[in-house]
Each structure stands twice: as structure tokens, then as C-alpha cells.
Amino acid sequence: MRFENKTAVVTGGSRGIGLAIATKLAKEGANIAILYVGDENEGIKAKEELSQYGTKVEQYFCDVSNFEESKKVVDQVIEEFGSIEILVNNAGITRDKLVLNMDEKDFDAVINVNLKGTFNMIKHTYKHFMKKRYGRICSTASIVGLTGNAGQANYSASKAGIIGLTKSVAKELAGRGVTANAVAPGYIATDMTSVLPDKVKDAMKAQIPAKRIGTPDDVADVVAFLCSDDAAYVTGEVIRVDGGLAM
Ligand code: NAD
């Protein structure tokens, strides 16, 4: 029960990797606030699922790329839960195209959700963590933020940006008991990757040294470690969770 009496905000917590993270934290005692967009039934179902572990759970329909909207929701979570100890910036989207075919909207949309959304959430919780002299920030980057990927210039740039943001915030807040880290997943089986053509999936799987596609739980276990007090002296770190793919 590493997260008893702690509240975790998990963006993109309604499904996939985010729901696995929220589940892992709730199982170990955390109160959970999930933020998501899209189908409201998904958020309601996720809340029901997460509630079985007996902690306080709430779901908030909130676009993290919107500065004002995300500020309102963070303030509301602090009001309703009393405080926030853990921030997991996991919301993310893709709009894959070669730069040749990528227009400004494709670039802006991905940067706004993935990178600016992460900035917004850190900005809104920053003073709260400073005052508490405690905080765990963990953001979901990607191995393509380290390696780049043809067809994902917008997404790779957003994830590389998350790594730079994480390291900078880690340096700013290290003296205040606040850590900021990131995970860089490889190929994980979720809705995001289910849309890839089978040919691409098979080619990717063949390249993974661990010989299997990752699961959301593979990522959640590492995020939980980084959000726990076991990782109190780990900050500014990026941990690949990729079965050795980007080794
Ligand atoms: P997913 O598409 O299954 O889930 C995405 C989640 O983000 C949903 O809950 C959705 O509501 C939320 N979201 C999207 N836009 C949002 C917005 N503007 N505001 C608030 N919430 C928003 O994706 P996933 O595969 O679970 O990915 C989760 C994270 O992991 C993403 O940041 C993704 O880039 C990253 N990632 C995934 C993989 C993979 O292989 N699946 C690999 C590396 C990194």
C-alpha cells in the first residue's frame, strides 16, 4: 500500500496505459482523479472499475491542452480531494504522416495535447507541490522521443519536448521534495496501436528483443515505482519500457 492517503491525478486515465496506471495506484491505496476526453461513458466505466479498490475516485471530462479548463479541474480536484501528491501526465494523441503530407493543424494538435497539456498540468500543480514540499510527477513520453520515427515527426517532437520539460522541472523542484520523471514506452498494445496495419505490427514485434508486445501493466508498474517513495532519490530520469527495442 505505497500510496495510502495520497491522491493521484492521471490524465488519459479512462483507458489503455492511463487506466492501467490508475488501477495500479488505486490497488496500492491511492485516491484517483482521472482526466480524459472523448466518450463520457468510458470515463464513467473507468470510475466504476477503479472504485472497487475502495479509495475515492472521480472522473473529469477535461481537455488538458486547454490552459483554463485544465486549471479549473486541477483546482476542483484539490478542493474535492484535499490535496494532490501525484501527477501522471499520460494523455496523448497521434496524427501520423510524413512531414511531406503533414499540415500545420496535424503538428499543432499533437504538440498541444502531448506537450502543452503536460506543461499545463505541471504549471497548475507546481505551487501546490512547492508548498507541500512533496510531489511526484511522472509523464508518459515514448521511445520515439529519444530516437525519432519516420511518419511521427509531430509526435516524436512532442515526446522529446516532454523529456526536456521533465528534466527542467526536475532541476527546478529537486530541492523541494518533488521529483519529475518520465517513462518512454515502446510498442504497447492499446487502442492507440490497434489501428496500425498488421504488417506494421508484425514488423515491430519482430524487432523487439523481448519477443513480445508490451502491455499497459508493463508501463504501469514502472510509473508506480517512479511515483512511490522507493524512487525518492530518482529525478530527471527517463526509463524506457520497451522490451529492449530502443536499446
Ligand atoms: P489511448 O489512445 O488508448 O488513450 C489515450 C488517453 O488520452 C485517453 O484516455 C484519452 O481520453 C486521453 N486524451 C487524449 N487527448 C486528450 C486531451 N486533449 N485531454 C485529456 N485527455 C486526453 O492511448 P495509450 O496507448 O493508452 O497511450 C497513453 C500514453 O502513452 C500516450 O501519451 C501515448 O503517447 C503514450 N505511448 C503509447 C504507446 C503505445 O504503444 N500505446 C507507446 C509510447 C507512448
Side-chain angles (χ1 to χ4, degrees), residues 9-24 32-47 49-50 59-74 87-96 108-121 124 138-149 152 154-163 165-166 182-196 200-201 204-205 207-208 212-220 222-223 238-243 245-246:
V9 172
V10 182
T11 72
S14 61
R15 64 168 190 257
I17 294 172
L19 181 57
I21 293 168
T23 302
K24 176 87 186 163
I32 304 287
I34 58 166
L35 276 54
Y36 70 102
V37 295
D39 181 1
E40 285 197 63
N41 288 323
E42 194 176 271
I44 293 165
K45 202 171 142 254
K47 178 184 166 176
E49 246 182 83
L50 291 164
Q59 51 97 18
Y60 302 86
F61 194 90
C62 172
D63 178 357
V64 293
S65 71
N66 183 316
F67 188 86
E68 293 307 329
E69 188 178 321
S70 51
K71 169 146 183 37
K72 225 173 109 188
V73 169
V74 168
L87 170 64
V88 179
N89 296 303
N90 166 82
I93 60 166
T94 51
R95 283 209 189 168
D96 297 352
D108 288 349
V110 172
I111 295 292
N112 282 337
V113 175
N114 299 8
L115 180 55
K116 192 180 162 217
T118 300
F119 167 77
N120 287 345
M121 293 300 294
H124 303 325
C138 186
S139 303
T140 311
S142 165
I143 53 166
V144 303
L146 299 165
T147 63
N149 196 22
Q152 289 196 307
N154 50 358
Y155 183 78
S156 304
S158 74
K159 296 301 187 178
I162 287 175
I163 292 169
L165 177 61
T166 297
V183 287
Y187 178 15
I188 310 296
T190 67
D191 288 0
M192 185 178 269
T193 44
S194 68
V195 295
L196 294 171
V200 175
K201 285 186 197 164
M204 284 181 72
K205 191 176 164 188
Q207 287 171 35
I208 302 171
R212 70 172 176 88
I213 291 165
T215 66
D217 285 341
D218 287 325
V219 182
V222 179
V223 172
V238 183
I239 301 185
R240 285 187 297 103
V241 188
D242 65 349
L245 182 58

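Whatever order the structure lists ligands and atoms in, that order sets their numbers, starting from 1.
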Legend entry - Any donor-acceptor pair under 3.5 Å from K159 side chain to T140 backbone: yes
Inset, instruction - Before signing off on this row, confirm whether V64 and ligand 1 have an N or O atom pair separated by under 3.5 Å. - result: yes
Legend entry - Closest protein heavy atom (residue, atom, distance) for atom 37 (C) of ligand 1: I17 CD1, 3.7 Å
Inset, instruction - Carefully, step by step, assess V110 and I93 under the rule side-chain contact (heavy atoms from CB on, under 4.5 Å). - result: CA-CA 6 Å; V110 172; I93 60 166; 4.3 Å; yes
Legend entry - Any side-chain heavy-atom pair of K24 and D217 under 4.5 Å: no
Inset, instruction - Output the list of atoms in ligand 1 that are nearer than 4.0 Å to some heavy atom of C62, sorted by atom number. - result: 19 (N), 20 (C)
Inset, instruction - Return yes if a side-chain donor-acceptor contact under 3.5 Å exists between D191 and S194, otherwise no. - result: no
Inset, instruction - Just need the protein heavy atom nearest to atom 6 (C) of ligand 1, so name the residue and atom and give the distance. - result: G12 CA, 3.6 Å
Inset, instruction - Dump the intermediate steps for side-chain contact (heavy atoms from CB on, under 4.5 Å) on T23 and L50, then the final yes or no. - result: CA-CA 6 Å; T23 302; L50 291 164; 3.5 Å; yes
Inset, instruction - Using the test side-chain hydrogen bond (donor to acceptor under 3.5 Å, both in side chains), find all partners of Q152 that sit at least two apart in sequence or belong to another chain. - result: D96, N149
Inset, instruction - Apply the test side-chain contact (heavy atoms from CB on, under 4.5 Å) to residues L35 and V9: give CA-CA distance (whole Å), side-chain angles for both, the deciding distance (0.1 Å), then the verdict. - result: CA-CA 7 Å; L35 276 54; V9 172; 4.0 Å; yes
Legend entry - G16 neighbourhood, listing ligand 1 atoms whose heavy-atom distance to it stays under 4.0 Å: 26 (O)
Legend entry - From S142, G186, A184, G43 - option closest to atom 38 (C) of ligand 1 by heavy atom: G186
Inset, instruction - Would you mind listing which atoms of ligand 1 come within a distance below 4.0 Å of any non-hydrogen atom of T193? - result: 39 (C), 40 (O), 41 (N)
Inset, instruction - Considering only non-hydrogen protein atoms, determine which one is nearest to atom 11 (O) of ligand 1 and report residue, atom name and distance to 0.1 Å. - result: V37 O, 3.1 Å
Legend entry - Salt-bridge present (D39, R15; N to O < 4.0 Å): no
Legend entry - Side-chain heavy atoms of V37 within contact of D63, under 4.5 Å: yes
Inset, instruction - For atom 21 (N) of ligand 1, grab the closest protein heavy atom and report residue, atom and distance to one decimal in Å. - result: A91 CB, 3.5 Å
Inset, instruction - Under 4.0 Å, heavy atoms only, figure out whether ligand 1 is touched by the backbone of D63, its side chain, both or neither. - result: both
Inset, instruction - Could you go through the side-chain contact (heavy atoms from CB on, under 4.5 Å) check for T193 and K201 one step at a time? - result: CA-CA 8 Å; T193 44; K201 285 186 197 164; 5.9 Å; no
Inset, instruction - Report, in ascending order of atom number, the atoms of ligand 1 lying under 4.0 Å from any heavy atom of T140. - result: 29 (C), 30 (O), 35 (C)
Inset, instruction - Give the atoms of ligand 1, by number and element, whose distance to some non-hydrogen atom of V113 is under 4.0 Å. - result: 15 (N), 16 (C), 17 (C), 18 (N)
Inset, instruction - Please identify which atoms of ligand 1 are closer than 4.0 Å to at least one heavy atom of G92. - result: 5 (C), 7 (O), 14 (C), 31 (C), 32 (O)
Legend entry - Nitrogen or oxygen atoms of K159 and ligand 1 under 3.5 Å apart: yes
Inset, instruction - Name the closest protein heavy atom to atom 9 (O) of ligand 1, giving the residue it belongs to and the distance to 0.1 Å. - result: S14 OG, 2.8 Å
Inset, instruction - Between N89, N114, I93, flag the one that comes closest to atom 14 (C) of ligand 1 by a heavy atom. - result: I93
Legend entry - Nearest non-hydrogen protein atom, atom 2 (O) of ligand 1: R15 NH2, 2.9 Å
Inset, instruction - Check ligand 1 against N90 and write out every atom of the ligand that is under 4.0 Å from a heavy-atom position of the residue. - result: 28 (C), 29 (C), 30 (O), 31 (C), 32 (O)
Inset, instruction - Quick one: look up the protein heavy atom nearest atom 40 (O) of ligand 1 and list residue, atom name and how far away it is. - result: I188 N, 2.8 Å
Legend entry - N89 side chain reached by I162 side chain, heavy atoms, under 4.5 Å: no
Inset, instruction - State, yes or no, whether a side-chain contact exists between E69 and C62 at a heavy-atom distance under 4.5 Å. - result: yes
Inset, instruction - Assess A141 for proximity to ligand 1: is some non-hydrogen atom of it under 4.0 Å away? - result: yes
Inset, instruction - Indicate yes or no: at least one non-hydrogen side-chain atom of V10 is less than 4.5 angstrom from one of L19. - result: no
Inset, instruction - Would you tell me which option among T190, V241, V73 has the nearest heavy-atom contact to atom 25 (O) of ligand 1? - result: T190
Legend entry - atom 33 (C) of ligand 1: nearest protein contact (heavy atom, Å): Y155 OH, 3.4 Å
